[in-house]
Amino acid sequence: MEKKDSTSKKSDQELARQVKLQKLSQEGIDLFPHKINITHSVSEIISAYSSLSKEDFEEKKIRVIVPGRIISIRKMGRASFFHLSDSRGKLQAYLREDNVGKKNYQLFSLIDIGDIIALDGVLFKTKTGELTVLTESFKFLAKCLHPLPEKWHGLQDLELRYRKRHLDLIVNPEVVEVFRLRSAIIAYTRKFFDERGYIEVETPMMHPIPGGALARPFKTYHNALGMELYLRIAPELYLKRLVVGGLDKVYEINRNFRNEGISSEHNPEFTMLEFYEAYCDYNDMMDMTEELINYLSRTILGKEEITYGEHIISLQKPWKRIRFKEALSYYSGIAPGKFDDREGIIELASTLAPDKGPFSYGKALDVIFDKYVKPNLIQPTFVINPPKEVSPLAKASPENPDEAERFELIIAGMEIANAFSELTDPDEQRERFEQQAEERERGDEESHMIDTDYINALEYGLPPTGGEGIGIDRLVMVFANRKTIREVILFPLLRPKE
RNA sequence: GGGCCGUUAGCUCAGAGGGAGAGCACCGGCCUUUUAAGCCGGGUGUCGCUGGUUCGAGUCCAGCACGGCUCACCA
């Protein structure tokens, strides 16, 4: 598909645009000028003046200098209508030879759809009532050297949309809205935590030991120090060091990198919100999660219900809470007693996911959970107390030492959040790491590495702390009703063409 | 990584063994309140790439590339 870049052969339409560029240059016109003073944007004009009547415009003679990209042209002999757009709206303009002069009208005929120009003119309403700029003069701001996709369908080809996101944004206004929504979610999330006395921090993206999650890392190398580094898979261990240091409420919104497969729910780099609050446990985290997501929905969407595909998702508090093992037997149909048969469960997991082994008991339960439970949880659901052995950084549950004080929040069948009462005992943390190391030796590349520096930090005293990670991309998917993560990431990872 | 599907004009797509099509866009002409403007004229193409089958391949077969869905893993 990628056969028309600047180095390859040009299409007839690109050649035609090149010819127009040369003609305009020969007329002494600067097609890529430095600066222009404008009075309004397209969307400012629309919001400020749409409600005025024809008579208002005749009386007030509102003059504007407005820039925008030309997205349509209707030429009618010695007069033309066209639409200018910015990323939030489009505005019609009218240009007549008897207003701009014969010479300028000829120059205008060298304008293409896609060019960026500025108009100087007076607002009026046409006889069909459309707000329009009566153009008195115009100035080129940038020439567009490629034809734009057609006006009815926009750009549909997914590969092209992701590879040329700039073009996608020009011709598909609904795509712009998704990213405005994403921006609002992040902005209001910051507001939510800032108002609660949290401080936002930035911790390293390059880790000597990748930790805080169970995933395969990307590896890189620092020349001057002569050391291998890993792109972080989670900021968790650094954020908890900060709590040790007395920063009782911290959060970070930033990228994580996991060297795993790409799918509709996975991009190798993705945005994670992580927050930690001292003197809290996982129950407090559940309350705060309900509050945050409910707040985002009310504030940004103005409602507590979200349409997602064929589902209506209610974000009204409180949300369902179900124990991991209860969810397992309820949705898998496996009798609760059967879960005590550790060998049998491991065997079942091996048939469900043969590539994934070797299995520990806890990991086998995880596989069964992903297969039978997760897809059924559409309404927001906290799945609490998963097996301790797949939660090496979480406190054990006092009532049941095999379970962790941890939850996963599932919405629309996706894991949106993961949180726990943080494990604060350095000796127990060392033991958990050692157990993970054994699994690593048995061939599980995703097991946690031993991080003695982190254990040393814990030895200074981490107060009881609740911590949580929320996958921002997936949250945006739910809010924007998008079924693939590529629709909420501006530049998703693609294999290079050619 | 496995399975299934896709790749034809700038864009959106049709064409399923007999030599390349439509709409928009584009090019030429007409047109001073149009808006999916209209009217007249013009197809602008390495049918993803490489091989094979065939008298003949966009069409059938194989391999490759990229993408999509899905399974597996992770958030």
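Chain identifiers are assigned alphabetically (A, B, ...) following the order of the sequence lines, protein sequences preceding nucleic acid strands; residue numbering begins at 1 within each chain.
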* So, does A:R406 use its side chain to make a donor-acceptor pair with the main chain of A:V383 at under 3.5 Å? -> no
* Structure fact -> On a heavy-atom basis, the closest approach of A:M272 and A:G471 is SD-N, 4.1 Å
* Go through B:C13, B:U34, B:G10 for me and flag the one nearest to the A:Q156 side chain. => B:C13
* **Side chain proximity check, A:M285 to A:Y276, heavy atoms < 4.5 angstrom** => no
* Structure fact -> Testing B:C71, B:U33, B:G68 for proximity to the side chain of A:L494, the answer is B:G68
* Asked: B:U33 phosphate, OP1 or OP2: any side-chain N/O from A:R96 under 4.0 angstrom?
  -> no
* Rounded C1' spacing from B:C49 to B:A65 in Å -> 7 Å
* Asked: Taking only residues two or more places apart in sequence or in another chain, which ones pass side-chain contact (heavy atoms from CB on, under 4.5 Å) with A:K374?
  -> A:F369, A:D370, A:I410, A:E415
* Quantified in whole Å, what is the P atom distance between nucleotide B:G52 and nucleotide B:G56? -> 12 Å
* Structure fact -> Under a 4.0 Å heavy-atom cutoff, the residues of residues 105-126 of chain A touching RNA chain B are A:F124, A:T126
* To do: For B:A14, decide between syn and anti, treating a glycosidic angle within 90° of 0 as syn.
  => anti
* Asked: Considering only B:U33, B:U12, B:C71, which nucleotide approaches the side chain of A:K371 most closely?
  -> B:C71
* Asked: Would you say the base of B:G23 and the side-chain of A:E150 have a donor-acceptor pair closer than 3.5 Å?
  -> yes
* Kindly say whether, by distance alone, the side chain of A:E130 makes a donor-acceptor pair under 3.5 Å with the base of B:U33? => no
